Amino acid sequence: MNTQAAIPPRWRAPRWTVWATWAVFLAIFVQGVVAIKLTPERLLRGIGNLGDFLARAFPPDTGGLDAVAWAMLETLNIAIVGVSVGVVLSVPFALLAARNTTPHMLVRSTVRLVIATLRTIPDLIWALIFVVAVGLGPLAGVLAIVLDTIGFAARFFAERIEEVQPGPSEALASTGAGRLSVVMGAILPETFASMTATSLYSVEKAIRSAVTLGLVGAGGIGVELAASMRLFQYDRAFMIILVILVVVIAFEQVSASIRRRVI
Amino acid sequence: MPGLEARSVHKRFDGRVVLQGVDLSVDRGLVTILLGANGSGKSTLIRCLTGLERIDAGEVWVAGERTDGLRGSDLRRSRRRVAVVFQQFNIIGNVSVFQNVLNGAMGRVPFGVLGVLAPLAPGRLREKAMYCLARVGLADRADHPARTLSGGQQQRVAIARALMQEAEVVIADEPVASLDPEAGRAVMDLLVTVAREDGMAVLVSLHQLGLVEQYGDRTVGLKAGRVDFDTRFEAVPRDRMEALYLEDAVAQTSLEDSA
């Protein structure tokens with residue numbers, strides 16, 4: 001065995017570009033810490049304030065529970081209506097964006113660009129825009145969730161559609177079926193389970209964002225939370241946070257059990 | 001008039017000649033078996049005959065009508081007359097066996113898929129689908145999700161789908177290659193029945209020489225993109241068939257030389 005290669009060394013000096021990249025990263029990090037004024041004293045003071053907040057938040061104020069419950073229901077409505085509309089619109093978007101179902105590559109790249117744009121702009125910004133367009137309230141929240149859902153779900157639907165085996169579609173095409181029939185007869189059944197899982201996750205995601213959308217006035221429980229914080233009603237704020245927690249965890253359980261049944 | 005006919009079919013892929021003047025005719029009521037090693041052009045010929053692949057030169061005729069070069073709705077109408085059975089079955093796993101059979105009618109009913117969805121399909125189609133399933137011996141599985149069936153059963157569902165299509169020609173591309181011998185024979189028996197009882201022109205590509213003597217009314221051997229032998233109602237000498245496979249490497253080389 002005269003061709004035996006040497007054992008690789010334990011340590012190899014990194015290239016200078018690696019050193020440089022680390023140096024730049026470190027410089028940015030230190031600059032950030034300084035600019036934010038991240039000091040131990042401030043952190044300690046923050047912990048003190050946090051203790052003050054908790055002291056005033058306990059016990060949670062159960063007084064206005066019915067108002068909070070209605071606001072929570074509004075948040076759920078925003079999430080479910082927004083996601084439902086968003087998912088239904090995502091299917092045609094995904095079919096146009098998937099390589100194997102798009103009518104033309106130009107259509108594909110255009111639609112993919114639209115989806116990417118919807119995804120890149122945060123839902124909070126969509127909500128701010130729609131509050132201007134349709135006024136304060138849940139409608140602005142619903143519209144923001146619709147766009148956010150398309151940006152997320154259409155992308156995953158398209159990726160799943162591209163993974164579909166060509167065989168079943170070919171079999172339906174060979175019966176003389178048209179393109180739309182092939183898509184509905186072969187591709188949608190094959191991708192249904194995965195699309196359902198994505199849609200359920202979209203609802204979970206939307207409930208969380210619908211809470212924060214309220215902070216900018218797009219309806220729901222976030223409006224209540226923002227008001228309580230501003231009025232220093234920490235006990236009420238704490239109760240609102242608990243309600244949100246319970247609802248989010250409960251929906252995650254429901255969603256997990258549906259997912260188990262579908263897949 | 002044969003059910004399916006290829007006249008001097010040529011096909012090349014990226015400059016590589018795969019079919020160089022194939023003549024083939026598939027008679028109604030008979031089973032024609034197509035033999036050939038990997039690389040002989042067998043699968044390409046099958047795809048050209050089914051209309052899933054376009055040919056470069058030559059003609060393809062289905063029941064007296066020329067079908068090569070068709071596009072759009074004319075192509076779809078001609079595909080309707082040729083049912084295809086695939087090696088990998090290509091049935092839709094997530095829907096019922098019954099729905100898979102109904103799908104066979106997708107090309108010939110108004111509204112395509114909407115016309116064959118199990119809850120919407122007219123009673124006439126639903127009865128016909130049940131009859132097709134009964135013919136392949138799977139009527140009791142109608143309501144099962146198709147993916148829960150064994151490979152042999154899935155291929156029989158694919159044959160029921162082909163019957164549902166009311167085609168004049170059935171092309172089966174290595175229909176038994178993924179099946180055990182027992183399930184393979186059941187599938188071959190069904191294809192013979194389809195030829196005899198429905199008068200369809202049946203073309204089956206195979207690798208199993210043992211099945212040829214039992215099932216082939218006509219046997220065509222393909223080598224290096226050309227017809228090597230074509231015999232009707234007579235046994236093909238075993239060594240002649242084996243030669244198709246033994247000279248595989250040699251054939252490949254000469255094919256590349258001529259390209």
Side-chain angles (χ1 to χ4, degrees), chain A residues 87-88 90-92 94-96 98-105 107 153 156-200 257-263, chain B residues 46-47 49-53 70 72-96 99-118 145-147 154 157-158 161-167 169-171 173:
Chain A
V87 161
V88 168
S90 289
V91 175
L95 289 171
L96 294 174
R99 196 179 305 107
N100 47 347
T101 51
T102 190
H104 196 276
M105 282 302 150
V107 175
F156 281 99
F157 289 1
E159 281 175 4
R160 181 64 187 88
I161 290 169
E162 288 183 348
E163 286 168 13
V164 167
Q165 296 295 317
S169 304
E170 214 163 60
L172 293 193
S174 76
T175 69
R179 281 178 73 113
L180 202 60
S181 288
V182 171
V183 165
M184 287 172 65
I187 292 179
L188 292 188
E190 298 275 300
T191 53
F192 178 77
S194 149
M195 286 189 181
T196 306
T198 304
S199 304
L200 286 168
S257 100
I258 298 176
R259 200 174 292 138
R260 264 197 304 277
R261 256 153 258 234
V262 173
I263 296 176
Chain B
I46 293 265
R47 290 182 63 85
L49 295 175
T50 58
L52 289 168
E53 203 74 63
L70 294 179
S73 59
D74 291 332
L75 175 63
R76 283 203 293 278
R77 210 171 310 117
S78 85
R79 279 178 175 166
R80 210 186 292 168
R81 306 170 71 193
V82 181
V84 187
V85 175
F86 299 84
Q87 180 183 344
Q88 292 307 330
F89 328 134
N90 288 352
I91 61 176
I92 291 139
N94 289 340
V95 302
S96 69
Q99 181 64 60
N100 268 286
V101 178
L102 278 168
N103 283 350
M106 208 181 266
R108 64 178 167 89
V109 300
F111 312 120
V113 68
L114 293 181
V116 300
L117 282 183
R147 63 170 181 278
Q154 292 194 23
V157 172
R161 177 174 64 188
L163 288 170
M164 190 70 191
Q165 194 175 329
E166 293 182 349
V169 178
V170 174
I171 297 182
D173 185 9

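Just so we're clear, the structure is a prediction, and the values are computed from it rather than from any experiment. Numbered from 1 within each chain, the chains take letters A, B, ... in sequence-line order.
Interatomic distance, OG1 of A:T191 versus CG of B:N94, reported as 9.0 Å (0.5 Å rounding). Separation of atoms OG1 (A:T175) and CZ (B:R161) is listed at 8.0 Å; rounding is to 0.5 Å.
Between B:T50 and A:S174 the shortest side-chain heavy-atom distance does not fall below 4.5 Å.
Residues satisfying the ring-ring contact (aromatic ring centres under 6.0 Å, His included) test with A:F156, not counting sequence neighbours, are A:F152.
Of the listed residues (B:L114, B:V113, B:V116), just one forms a side chain to side chain contact (heavy atoms under 4.5 Å, CB included) with A:S181, and that residue is B:V113.
Listed here is the closest heavy atom pair of A:G178 and B:R76: CA-CD, 3.6 Å.
Residues of residues 160-173 of chain A that come within less than 4.5 angstrom of chain B, heavy atom to heavy atom, are A:G167, A:P168, A:E170, A:A171, A:L172, A:A173 in numerical order.
Interface residue B:V95: only side-chain heavy atoms are found under 4.5 Å from chain A. Using a 4.5 Å cut-off between heavy atoms, B:L52 contacts chain A through its side chain alone, with no backbone atom that close. Contact of B:R147 with chain A is not made at all, since no heavy-atom distance falls under 4.5 Å. Only the side chain of B:Q165 comes within contact range of chain A, with heavy atoms under 4.5 Å apart. Neither the backbone nor the side chain of B:R81 comes within less than 4.5 Å of any heavy atom of chain A.
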